[in-house]
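We count ligands from 1, going down the list as the structure has it; atoms in each ligand are counted the same way.
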Amino acid sequence: MSIDFKKFSGTGMTSDSSREKLILILKGEGIKNSKVLRSMQLIPRHIFVDEAISSKAYDNTALPIGKSQTISHPMIVAKMTEIIMAYEPRRVLEIGTGSGYQASILSLLVDKVYTIERIEYLHNKSKKIFQKIGIKNIYSKYADGNTGWPQKAPFDAIIITAGATHIPDVLLDQLSSNNGILVSPIESNGKQYLKSIVKSQDKYNEKIHGKVNFVPLLGGVS
Ligand code: SAH
């Protein structure tokens, strides 16, 4: 899906100077994909956080979203999005909806975003935001994301936005074997690294992209 700027007209946010500043920071830190930068300029991050901290929404930092969870650092959202967009995915699965910010950024770049959240409060809250800003191509589910969404597989890309100790095999099974890409924070020796895995037929090509700091990927629902 191409970016439809008209969809967000009337919010007055495209000229927001703090968002412009954030985009400059992201560029300075090495984000090059212009579509990713435009999507981050268009999606109003402040509506995904509580009003009391909305003045910090365009700072390059993670912020609390309730239930001990966080909306990811904008640089990490940009980086993970840029990594998967290099493979031009059309159908993306996200594990860990959280605030819904990452899913919204993706919604302007791909045809369909499927997203799973294990905390009912966050699932409901993010769903309301998608409706409020008029995003129609995000399909969200309240469930344990460790089992993926087999009915909607295969996915061109899978993005896990919580720290996993290992990538569940079922998620790799649900990845397209035609250059499907999965990106996830992975815990190892008490540290977290961003890892990508590209699946081509039955071969997996892995790459590490540097250190990250995500809340953990848990099991079950809450
Ligand atoms: N992508 C989010 C940030 C994610 S924070 C955003 O843009 O705001 C990580 C989220 O993953 C939390 O909301 C947490 O509840 C969720 N999570 C952790 N383990 C999970 C699991 N097994 N299945 C689904 N969601 C999970």
Check each heavy atom of [X] against ligand 1 and say whether those closer than 4.0 Å belong to the side chain, the backbone, both or neither.
X	result
Ile119	side chain
Leu122	side chain
Pro216	backbone
Glu94	side chain

What protein heavy atom lies closest to [atom]? Include the residue and the distance to one decimal.
atom	result
atom 12 (C) of ligand 1	Gln69 OE1, 3.2 Å
atom 5 (S) of ligand 1	Thr70 O, 3.2 Å
atom 11 (O) of ligand 1	Gly96 CA, 3.2 Å
atom 25 (N) of ligand 1	Arg118 N, 3.3 Å
atom 9 (C) of ligand 1	Thr161 O, 3.2 Å
atom 7 (O) of ligand 1	Gln102 N, 3.0 Å

Between [X] and ligand 1, does any nitrogen or oxygen pair lie at a separation below 3.5 Å?
X	answer
Ile65	no
Leu218	yes
Glu117	yes
Gly145	yes

query: To which of Ile95, Thr97, Ile76 does the heavy atom nearest atom 2 (C) of ligand 1 belong?
result: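 Among Ile95, Thr97, Ile76, the closest heavy atom to atom 2 (C) of ligand 1 belongs to Thr97.
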Should you measure from each heavy atom of [X], which atoms of ligand 1 turn up under 4.0 Å away?
X	value
Tyr101	7 (O)
Asn146	22 (N)
Leu217	18 (C), 19 (N), 20 (C), 21 (C), 22 (N)
Ser72	3 (C)
Ser99	6 (C), 7 (O), 8 (O)
Val215	5 (S), 9 (C)

For the pair [X] (side chain) and [Y] (backbone), establish whether a donor and an acceptor sit closer than 3.5 Å, ignoring hydrogens and angles.
X	Y	result
His123	Arg118	no
Glu117	Ile119	yes
Asp50	Ala52	no

Looking at [atom1] of [X] and [atom2] of [Y], how far apart are the two atoms once the value is rounded to the nearest 0.5 Å?
X	Y	atom1	atom2	answer
Lys32	Leu37	NZ	CG	10.5 Å
Leu175	Ile167	CG	CD1	10.5 Å
Ser18	Lys56	OG	NZ	13.5 Å
Thr161	Gln69	OG1	CD	9.5 Å
Ile105	Ile43	CD1	CD1	5.0 Å
Ile129	Tyr101	CD1	OH	12.5 Å

query: More than 12 foreign heavy atoms under 6.0 Å from CD of Glu29: is that the case here?
result: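 Check passes, neighbour count above 12.
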query: Touching ligand 1 at all, Val221? Heavy atoms, strictly under 4.0 Å?
result: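 No, Val221 has no heavy atoms under 4.0 Å from ligand 1.
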Least distance between heavy atoms, Glu94 atom then Thr115 atom: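 Between these two residues, the closest heavy atoms are OE1-OG1, 2.7 Å.
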message: Tell me whether Val113 shares a hydrophobic cluster with Leu182, the cluster being built from Ile, Leu, Val, Met, Phe, Trp, Tyr side chains joined at under 4.5 Å.
response: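 Result: no, two separate clusters.
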query: Looking at Tyr114, is Lys152 sitting on its ring face, NZ or CZ under 6.0 Å from the six-membered ring centre and within 45 degrees of the normal?
result: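 The answer is no; the distance or angle limit is not met.
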